[in-house]
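To start, the structure itself, in structure tokens.
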Amino acid sequence: MTDVQTGRQQRKARSPKPDRPSIGVIRRKRRRIPAAFRTPLGVLGSFIIVFWLVVVIFAPVIAPFDPLALDFAPYLPPNSVNLFGTDDIGRDYFSRVIVGSQISISLSLLLVCLSMLTGSAIGLVAGFFGRWIDEVIMRITDLFMSFPTVILAMITAAALGPSLFNSVIAALIVSWPVYARLVRSMVLSLRGSDFVAVSRLLGHSPGRIIVRDVVPNVVSPTLIMATLDVGTATLLLSGLSFLGLGAKPPTPEWGSMISYALHNFDKWWLGLFPGLAIFTVVVAFNIVGDLLRDYFDPEAGRL
Amino acid sequence: MGALATRMLTMRGWYVRHWSLIAYIGKRLGITLLLAWGITLITFLLTNLVPGDPVVAALGEMAASNEELVAAFRAKYGLDKPLPEQYLIYLGNLLHGDFGTSIITRRPVASDLAANFPATIEIALFTIVSAIIIGITFGVIAAYRRGKASDQVLRFVSLVGISVPSFWIAILSFYLFYYKLHWVPGSGRMSPGAKPPQSITGLYTIDALLTGDMQAFVDAAGHLALPVFVLTLYAVGMLTRFSRTSVLEVLDKDYVYAATAKGLPWHTVLFRYVLRGALVPILTVVGVVFGGLLSGTVLVESIFSRPGLGSYAFQSAINLDLFGVMGAGLVIGLVYILTNFVVDLLYGLIDPRIRVGAR
């Protein structure tokens, strides 16, 4: 039979330009970007994230005016000088949105890191030691998950007193359980695997087994989860600030800036621009998180 | 006598046959009670172990410097006792249905909650029903037309739905539909001066329909439109996303191919085979989305100045009204837990493979 092909031949036959001169190095490099990221949506998501990271780093350079200075007349609609108009006491709104990115985005990233670390540590302990420790920890996790998130975060933030730092703590309290569950379930399946058994037979301490054998295997799914979580974190933190439980004036923070529009809803620019900023950040991280998950862990998307 | 004995025997048979179900429900109710207790404990600890002082919040800075007044205030609400004792008293009263007295409204928390409950349920109910209808339809269309233009559009719509801040879209839609276009009446549950319909269920729109008061119905429905729209956006986003995934998975199953190959009409295949198989994961998401809605009501009710559990919880929380917060948290948490309980019970109904006890 002549039509029996090897895998390599099949691949060759399918590829549109089979006999390209060998520019192997370049081709291999280009293949490293997975196809999913080259779709319009993937490009858009990655572009927005890079865009905002640049803005966060260079915010003071990009912002044309001092975000705290009362340089203009109040309530100017967007014009050629004040691209996004001015707010109730005449601050340049464009500068406030730009500088606000430093607070809103970095706090969301900080929150995600903190909840990932806390949740994973708790999940590791529960999954690895099992028995009653697992039972107790998981019941506590259930308890925190049985509370609608914003309500619990709001109660915590209100009790701690409104401040940016406290809003992060409040959001942390509601966002760690997801990681604890994820990591625990992975650890439970790893615990029965041969390499952990071997490590134990070699007389390694639990600490060494966790760090050397277990942790490396749970890192990438957890990081994907964290990417998907940035959107949720941004929405939660800005929501708390919107309610007046986070950033205090005059700090430019997107959620609290939208609340200016609550009692001045005819001044549409006060709400539109900071909200658009939050929206783009959340969309971008959701897109990229989805793509990462589909690429590295196609099974995880199923609920 | 004979008939009764037979009847008792058959009843006994019923209990025996359904024993695992009864035991399961009993166990779940027990867990629910435990979680409810945990919720009161968390809120009690949170509102007490922190710097904020409810007395200052309730009386104001001026009165709080008057020691006699403060002492009288603490004694009135039982705040002068040690914390563990305060908590035990609260739990004891709770068992009698007494949620304590709100420091802010000066009324029993139980009656505050009862007054606010229907408004929130009204929003949540309309939202979840419209989201289930729209979201599952979108998800099924996207899965059937996988990779085509309509799939791309629907996936983008659902992405926008889950990414958009609800408080932002609430303010923008209020600006557009109320201020600019005058399509909807302003904030609140009814227009100022309008008389709410006679209370039967507490849901104004339903009550107005039941009493045949069309004017009140139009008014109440108009006030309901924007809050429901804002929350539906998020719920539809979530449901579209997950129904698409779970329908896609089922579409690939052999029994669906077999049903199609047999020449069954498409609607039979869709409703009897595809949806039946895809419904369990979708239901799970409905439970999760419901929790999101209850959270969302805090923001949406505050923005549209509607009374409700969300805005009550918010007002009590920022005023450090201990009893108000615990009551609202307890009721919202219970509604959420019970919803998920019902979802779990429905699993067994939809999918005989997950009958309880079989796991």
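Computed from heavy atoms alone, side chains included, the values below leave out hydrogens, waters and symmetry copies. Reminder, nothing fancy here: chain letters follow the sequence lines and each chain counts from 1.
Of residues 166-177 of chain A, not one residue has a non-hydrogen atom less than 4.5 Å from any non-hydrogen atom of chain B. Along residues 269-277 of chain A, the residues that come nearer than 4.5 angstrom to chain B, judged on non-hydrogen atoms, are A:Gly271, A:Leu272, A:Gly275, A:Leu276 in order of number. For residues 163-172 of chain B, heavy-atom neighbours of chain A at less than 4.5 Å comprise B:Ser163, B:Val164, B:Pro165, B:Phe167, B:Trp168, B:Ile171, B:Leu172, sorted by residue number.
Proximity to chain A involves both the backbone and the side chain of B:Val160, based on heavy atoms less than 4.5 angstrom apart. Contact annotation for A:Phe285: neither backbone nor side-chain heavy atoms come within less than 4.5 Å of a heavy atom of chain B. Looking at A:Met145, the atoms closer than 4.5 Å to chain B (heavy atoms on both sides) all sit in the backbone: N, CA, C or O. For chain A, the nearby part of B:Tyr178 is the side chain; its heavy atoms alone come within less than 4.5 Å.
Among residues two or more places apart in sequence or in another chain, the side-chain hydrogen bond (donor to acceptor under 3.5 Å, both in side chains) test is passed with B:Gln152 by none.
Options A:Phe147, A:Phe242, A:Trp268 differ in how many heavy-atom pairs under 4.5 Å they form with chain B, and the most are formed by A:Phe242. Considering only heavy-atom pairs separated by less than 4.5 Å from chain B, the leading option among A:Thr149, A:Leu243, A:Leu262 is A:Leu243. Heavy-atom pairs under 4.5 Å with chain B were tallied for A:Asp266, A:Thr232, A:Ile140; the largest tally goes to A:Asp266. Each of B:Ile303, B:Val325, B:Asn340 has some count of heavy-atom pairs under 4.5 Å with chain A, and the biggest count is that of B:Ile303.
Of all heavy-atom pairs spanning B:Leu46 and A:Ala159, the tightest one is O-CB, 3.3 Å. When all heavy atoms are compared, the tightest approach of B:Ile39 to A:Leu143 is N-CD1, 3.8 Å. The minimum heavy-atom distance between A:Pro148 and B:Gly333, with the atom names listed, is CD-CA, 4.3 Å.
For the atom pair CG (A:Leu235) and CD1 (B:Ile162), the distance works out to 9.0 Å, reported to the nearest 0.5 Å.
The environment of B:Lys27 atom NZ is sparse: at most 12 non-hydrogen atoms of other residues, nucleotides or ligands sit within 6.0 angstrom. For CZ of B:Arg146, the number of neighbouring non-hydrogen atoms (other residues, nucleotides, ligands) closer than 6.0 Å is 12 at most.
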- Residues B:Arg155, A:Asp290; criterion salt bridge (charged side-chain N to carboxylate O under 4.0 Å, His left out); working and verdict: CA-CA 12 Å; B:Arg155 284 175 75 184; A:Asp290 271 352; over 6 Å; no
- Item | Working for side-chain contact (heavy atoms from CB on, under 4.5 Å), residues A:Asn286 and B:Leu159 | CA-CA 8 Å; A:Asn286 280 343; B:Leu159 185 70; 3.9 Å; yes
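Between A:Asp142 and B:Ile31 the shortest side-chain heavy-atom distance does not fall below 4.5 Å.
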